[in-house]
Amino acid sequence: MRVRVKLVSLLRDAVDGAGEVVVEVDGDKAQLRDVLEKLYTSYPKLKKLIEGLGERGLGVVYMVNGQGVDLDAEVKDGDLVAILPPASGGAVLE
Amino acid sequence: MRVRVKLVSLLRDAVDGAGEVVVEVDGDKAQLRDVLEKLYTSYPKLKKLIEGLGERGLGVVYMVNGQGVDLDAEVKDGDLVAILPPASGGAVLE
Amino acid sequence: MSKPIIRVGLSKEPVSLDDVAARLARETNGLGAGSLVVFMGFVKGVVDGYKVNTLSYEAYEDVALKKMEEIAREEAAKWEKTYAIWIIHRIGVLKPGDPTIYVFVVAEPRHKAFELASRILDRVKHEVPIYKLEAREDGEYWILGDHTRVRRGEELQEAEKR
Amino acid sequence: MSKPIIRVGLSKEPVSLDDVAARLARETNGLGAGSLVVFMGFVKGVVDGYKVNTLSYEAYEDVALKKMEEIAREEAAKWEKTYAIWIIHRIGVLKPGDPTIYVFVVAEPRHKAFELASRILDRVKHEVPIYKLEAREDGEYWILGDHTRVRRGEELQEAEKR
């Protein structure tokens, strides 16, 4: 199965500027965590970057087809995964 | 001495629509209350109207040459008196 | 910090929001500003269930302008990161949907801009000698103070009976 | 009461405040509305003492639009006398002084319009997947979350060392 993964902001820099990366995983469906692990074998920097952000309180959100999900989520052929850092909110109280 | 009196909103209706009325008072200066009494002899409706507004909590403000004053204020020849009802504020909490 | 851009006015014509917004953004972004709040009042087409035909504004002009400027300066002085305050009040005979008042505030952070605009508007409505006559399908009303509508002529008739 | 006029968008071009304000005043005055609050954000020319060259916005578009509409509908539902909510966010490469976001709220009384606009803005800034890259004279910064600026490339170099 093939899954598209959308990357924005600094995560895009970690995949050499590609806004969308295609990941191939064996079988008809998989858990999101497996898709990501496959992605990270191609882009190990991306994994380390996401971990680094999490440690700074800037944890990412995962979406499948526009719905927020966790790492257990089922992903099927043709799905669109997104990894989103915190929105650029600007300070509420500056 | 001659004094101009500016009237707005419903007070203007009480002087037959004139936005400004000239009042003549004997002498070089007078207290505002004397100018007003003179004005009221020409427009008795105006006095009753102002009293009626006061009773409804819509008391007027007096100005001489753009400064808020009370009825003891001294008025001289050429001064501009204004009688102002409460501004049309619209409700703060509706 | 440089002095805030303050401007007040009474205008028979509508004001271009685009022109003012572009100008304020151009003149304040270099100072570190990025938040503009605009309030635009407009004539309601229906009040108390009655159709409104016109709303006429008159100001005691000299005092109104002086008071508007005083409000702008006082409010600007309360918060250092105030970059611009413009207050323009319409005068004359307006129709439903026509703009009646404009308040522009550039301040940081954005919450302060909202707070300032809201407070300035309250003060203008209460402290500036501007008067409304509302012509509705059921008659003409003078609007006085916060809530009071006085039917034109009625108060005068009552005064005559006193 | 009729349904509020809700519109959300991502726009590469600036929006005419005059056009939107005139349209909203025209379409809502007959319902008893008379208060429009507009927030317009614009690019700051200076941040942390450094000159800004550009601010680039990218959105995860489908989700951003869905989320903006959700915010508008939820906030409109909280207050009956909400007549219109428009939220337009700019995307693309913007320069100091260029508008970045527009929030339009028509609601009564006016304090509610201010409150709604302020809350909508907060929610958009925090809940909508829109990302900024700030190019300043001292380098490029990704802006993440409420406060954090990450110098472009730095985080990646650190990741490689882990």
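What you see below is based on every heavy atom in this structure, not just the backbone, and it leaves out hydrogens, waters and symmetry mates. Values in this document were obtained by computation on a predicted structure and should not be read as measured data. The sequence lines fix the lettering, A, B, ..., with proteins before strands; numbering per chain opens at 1.
In this structure, NZ on D/Lys44 lies 10.5 Å from OG1 on C/Thr28, to the nearest 0.5 angstrom. Between atom CZ of residue D/Arg119 and atom CZ of residue C/Phe114 there is a gap of 11.5 Å, rounded to the nearest 0.5 Å. A distance of 7.5 Å separates CG in D/Leu24 from CZ in C/Phe42, rounded to the nearest 0.5 Å. For the atom pair CG of D/Asp19 and CG of C/Asp18, the computed distance is 7.0 Å after rounding to the nearest 0.5 Å.
With a threshold of 4.5 angstrom between heavy atoms, C/Val15 approaches chain D through N, CA, C or O but not through any side-chain atom. When heavy atoms are compared at a cutoff of 4.5 Å, D/Ala22 does not approach chain C at all.
Heavy-atom pairs under 4.5 Å with chain C were tallied for D/Gly45, D/Gly34, D/Ala113, D/Gly97; the largest tally goes to D/Gly34. Contacts with chain D were tallied for C/Ala21, C/Gly41, C/Ser35; C/Ser35 has the most, counting heavy-atom pairs under 4.5 Å. Contact count versus chain C (heavy atoms, under 4.5 Å) is highest, among D/Ile101, D/Leu17, D/Val103, D/Val37, for D/Leu17. Counting heavy-atom pairs closer than 4.5 Å to chain D, the top-ranked of the candidates C/Gly32, C/Ala33, C/Pro14, C/Ala117 is C/Ala33.
Around the CG atom of D/Asp62, the shell of radius 6.0 Å holds no more than 12 heavy atoms that belong to other residues, nucleotides or ligands. More than 12 heavy atoms of other residues, nucleotides or ligands sit less than 6.0 Å from atom NZ of D/Lys78.
For D/Asn29 against C/Pro96, the heavy-atom pair with the smallest separation is OD1-CB, 3.2 Å.
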